[in-house]
Amino acid sequence: MWKRIASLSPLVSSSKSTLPNQASYGLNIWKSLSTGICTPVRYGNLLKEKTPFITFVLGGPGSGKGTQCIKIAQTFGFTHLSAGDLLRREILSNSEDGTMILNTIKEGKIVPSEVTVKLIKKEMESSENYKFLIDGFPRSEENRIAFERIIGAEPNVVLFFDCPEEEMVKRVLNRNEGRVDDNIDTIKKRLKVFSSLNLPVIGYYSKRGKLRTINAVGTVDEIFEQVRAVFTECEAMK
Ligand SMILES: Nc1ncnc2c1ncn2[C@@H]1O[C@H](COP(=O)(O)OP(=O)(O)O)[C@@H](O)[C@H]1O
Ligand SMILES: Nc1ccn([C@H]2C[C@H](O)[C@@H](COP(=O)(O)OP(=O)(O)O)O2)c(=O)n1
Ligand SMILES: [Mg+2]
């Protein structure tokens, strides 16, 4: 169980170093996945019994993030937190931010970071798990900085589902989940927002050696084999 501690502390350093190459990067993932630390660990402003392992899952709309996250969660025991699902749940709960969130999503824009990070934080704090997949977040530099400030943590690894625009549009228009943003006008806006706000975040993590790019074209199972490799290669190096 997560517990709050009184003060923020600069304890993100364990995951802060930029690793020089793929080999040491992979080893770092494995260490984080396999270390069962017995004493409580401070992680930013939170306290947890095991070192948290945070994976951000990025990619354009319809690139297959949610589909793959379900498989990752099942196979590797992660808790799947979809930022979009948390925001949609907030709309349905008639909270004071609900109307603003709904209008922002319809416009294909990004909800203010404080709102989204607060929802993610609540889920992380109440979870018994220490392995988190944070799907569709951060979608902007503002999102990324707010997470670091409010949660006091950085991701261990960032998956990027790389998919051509035509394929993403086709998938979104066939998604059939009754979403207000699954229409051609909103998807066009979302693709522009993805290029202008999300690609810089992807570049940021690439420079820090944390990005793992997945070719998101193919069958769900083919794509999952690439994802599986991200985690299992570390075990092979043990
Ligand atoms: N590899 C794939 N090939 C074809 N369709 C896919 C694939 N992966 C997911 N889909 C479908 O595409 C749509 C968007 O996938 P989803 O996982 O919701 O993407 P995202 O969360 O990135 O928007 C869904 O209807 C899903 O069933
Ligand atoms: N970090 C986030 C994630 C989603 N949102 C809003 C804006 C996004 O267009 C919608 C839908 O996000 P979601 O991740 O569910 O969308 P896709 O699965 O990529 O199609 O939610 C946000 O404002 N900030
Ligand atoms: Mg999704």
Side-chain angles (χ1 to χ4, degrees), residues 54-74 80-92 97-121 123 132-148 150-151 155 158-202 213-227:
I54 296 173
T55 302
F56 285 160
V57 182
L58 303 181
S63 59
K65 302 179 294 298
T67 303
Q68 294 295 325
C69 279
I70 291 168
K71 293 177 77 72
I72 299 166
Q74 282 168 353
H80 175 203
L81 302 179
S82 157
D85 284 350
L86 293 175
L87 291 167
R88 284 183 285 273
R89 196 171 78 187
E90 200 63 6
I91 295 169
L92 293 175
D97 290 326
T99 307
M100 177 275 291
I101 296 171
L102 176 62
N103 290 333
T104 307
I105 287 179
K106 274 188 195 161
E107 278 304 306
K109 293 183 177 159
I110 307 297
V111 172
S113 301
E114 299 264 331
V115 172
T116 313
V117 174
K118 199 177 79 185
L119 296 173
I120 293 171
K121 183 173 185 240
E123 295 299 310
F132 298 100
L133 279 178
I134 307 188
D135 166 9
F137 185 96
R139 273 201 153 96
S140 63
E141 282 288 282
E142 195 210 76
N143 266 187
R144 177 182 71 71
I145 291 161
F147 186 91
E148 285 175 17
I150 297 169
I151 310 279
V158 179
L159 294 184
F160 167 44
F161 289 94
D162 190 14
C163 194
E165 285 197 359
E166 314 81 72
E167 179 68 18
M168 292 195 278
V169 171
K170 199 172 77 186
R171 289 184 192 174
V172 164
L173 295 180
N174 285 321
R175 182 151 45 189
N176 211 15
E177 290 177 4
R179 281 175 48 169
V180 293
D181 51 349
D182 283 352
N183 60 74
I184 191 64
D185 289 341
T186 309
I187 181 76
K188 280 183 182 165
K189 290 177 186 163
R190 293 191 65 199
L191 289 170
K192 282 188 186 152
V193 167
F194 174 72
S195 295
S196 61
L197 299 184
N198 212 339
L199 286 181
V201 178
I202 288 162
T213 300
I214 306 293
N215 173 7
V217 181
T219 66
V220 170
D221 287 345
E222 281 165 357
I223 295 163
F224 186 65
E225 285 315 305
Q226 298 174 62
V227 172

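Atoms within each ligand, like the ligands themselves, are counted from 1 in listed order. Along the sequence shown, residues are numbered consecutively beginning with 1. All values reported here derive from a predicted model rather than from experimental measurement.
- Among all protein heavy atoms, the one lying closest to atom 1 (N) of ligand 1 is G218 O, 2.9 Å.
- Sparse packing is recorded around NZ of K109, with 12 or fewer heavy atoms of other residues, nucleotides or ligands lying under 6.0 Å away.
- Residues F194 and G59 come closest through the heavy atom pair CE1-C, 3.6 Å.
- Among all non-hydrogen protein atoms, the one lying nearest atom 24 (N) of ligand 2 is I110 CG2, 3.8 Å.
- At least one N or O atom of K65 sits closer than 3.5 Å to an N or O atom of ligand 1.
- Backbone and side-chain nitrogen or oxygen atoms of R88 are examined, and one is located within less than 3.5 angstrom of a nitrogen or oxygen of ligand 2.
- With rounding to the nearest 0.5 Å, the separation of CD1 in I214 from NZ in K65 is 13.5 Å.
- Taken to the nearest 0.5 Å, the CG atom of D135 stands 7.0 Å off from the CG atom of D85.
- From the protein, the heavy atom lying nearest to atom 27 (O) of ligand 1 is T67 OG1, 4.2 Å.
- Looking at heavy atoms from C-beta onward, L87 lies in side-chain contact with V115 at the 4.5 angstrom threshold.
- For ligand 2, the atoms lying closer than 4.0 Å to a non-hydrogen atom of G136 are 1 (N), 2 (C), 3 (C).
- Contact of the I145 side chain with the S140 side chain is not registered, since no non-hydrogen atoms from C-beta on lie closer than 4.5 Å.
- Distance from atom 22 (C) of ligand 2 to its nearest protein heavy atom, with residue and atom name: L87 CD1, 3.5 Å.
- F137 places none of its side-chain heavy atoms less than 4.5 Å from the side chain of L81.
- One option in R175, M168, R179 has a heavy atom closer to atom 25 (O) of ligand 1 than any other, and that option is R175.
- Residue-to-ligand polar distances place K65 within reach of ligand 2: an N/O pair is separated by less than 3.5 Å.
- Residue D135 places no N or O, backbone or side chain, under 3.5 Å from any N or O of ligand 2.
- Looking at E177 next to ligand 1, no N or O pair under 3.5 Å apart turns up.
- On a distance-only criterion, N174 and ligand 1 share no N/O pair closer than 3.5 Å.
- Note: no N/O pair closer than 3.5 Å links P61 and ligand 1 by distance alone.
- The N/O atoms of G62, backbone and side chain alike, include one that comes under 3.5 Å of an N/O atom in ligand 1.
- Of all non-hydrogen atoms in I184 and L173, the two that sit nearest each other are N-CD2, 3.8 Å.
- Here is the list of ligand 2 atoms found below 4.0 Å of a heavy atom in V111: 22 (C), 23 (O).
- Using a 4.5 Å heavy-atom cutoff, the side chains of F224 and T219 are not in contact.
- For ligand 2 and K109, the ligand atoms under 4.0 Å from any heavy atom of the residue are 7 (C), 23 (O).
- Counting protein heavy atoms only, atom 14 (O) of ligand 2 is closest to R139 NH1, 2.8 Å.
- Applying the 4.0 Å criterion to heavy atoms of P61 picks out, from ligand 2, the atoms 19 (O), 20 (O).
- Residue-ligand proximity: S63 is placed with a non-hydrogen atom under 4.0 Å from ligand 1.
- Contact annotation: the side chain of R88 never approaches that of L92 to less than 4.5 Å [non-hydrogen atoms, C-beta and beyond].
- By the criterion of a heavy-atom distance under 4.0 Å, the side chain of D181, and not its backbone, is placed next to ligand 2.
- Residues I105 and L102 are not in side-chain contact: their nearest non-hydrogen atoms beyond the backbone lie 4.5 Å or more apart.
- Between D221 and E225 the shortest side-chain heavy-atom distance does not fall below 4.5 Å.
- Within the listing of ligand 1, atoms 1 (N) sit less than 4.0 angstrom from a heavy atom of T219.
- Nearest protein heavy-atom neighbour of atom 8 (N) of ligand 1: V220 CG2, 3.8 Å.
- A salt bridge between E166 and K170 is absent, with no side-chain N of the basic residue lying under 4.0 Å from a carboxylate O of the acidic one.
- With ligand atoms numbered from 1 in the order given, ligand 1 contributes 22 (O) to contacts under 4.0 Å with heavy atoms of G60.
- Of the polar atoms of R175, at least one N or O is found under 3.5 Å from an N or O of ligand 2, judged by distance alone.
- Interface atoms of ligand 2 facing F137, defined by a heavy-atom separation under 4.0 Å, are 1 (N).
- Of the candidates R190, E222, R171, it is R171 that places a heavy atom closest to atom 2 (C) of ligand 1.
- In terms of modelled atom types and a separation under 3.5 Å, the side chain of Q68 and the main chain of V220 share a donor-acceptor contact.
- For ligand 1, the polar-atom distance check finds no N/O of I223 at less than 3.5 Å from any of the ligand's N/O atoms.
- When non-hydrogen atoms are compared, ligand 2 lies under 4.0 Å from neither the backbone nor the side chain of V172.
- Ligand 2 places these atoms under 4.0 Å from at least one heavy atom of I105: 6 (C), 10 (C), 21 (O).
- The distance criterion of under 3.5 Å between nitrogen or oxygen atoms is met by R179 with respect to ligand 2.
- Closest approach of G64 and R171 over heavy atoms only: N-NH1, 4.0 Å.
- Closest protein heavy atom to atom 19 (O) of ligand 1: G64 N, 3.1 Å.
- With E107 as the partner, the salt bridge (Lys or Arg N to Asp or Glu O under 4.0 Å) test is satisfied by one option alone out of K189, R190, K188: K189.
- Atoms of ligand 2 found under 4.0 Å from any heavy atom of G84 (numbered from 1 in listed order, with element): 12 (O), 13 (P), 15 (O).
- Those atoms of ligand 2 that come under 4.0 Å of a heavy atom in R190, given as number and element, are 8 (C), 9 (O), 11 (C), 12 (O), 16 (O), 17 (P), 19 (O), 20 (O).
- The CZ atom of F56 sits 12.5 Å away from atom CD1 of I202, with the distance rounded to the nearest 0.5 Å.
- The closest side-chain heavy-atom distance from E141 to V201 is below 4.5 Å.
- For ligand 1, one of its N or O atoms has an N or O atom of G66 under 3.5 Å away.
- A salt bridge does not link K118 with E114: every distance from a Lys NZ or Arg NE/NH1/NH2 to an Asp or Glu carboxylate oxygen is 4.0 Å or more.
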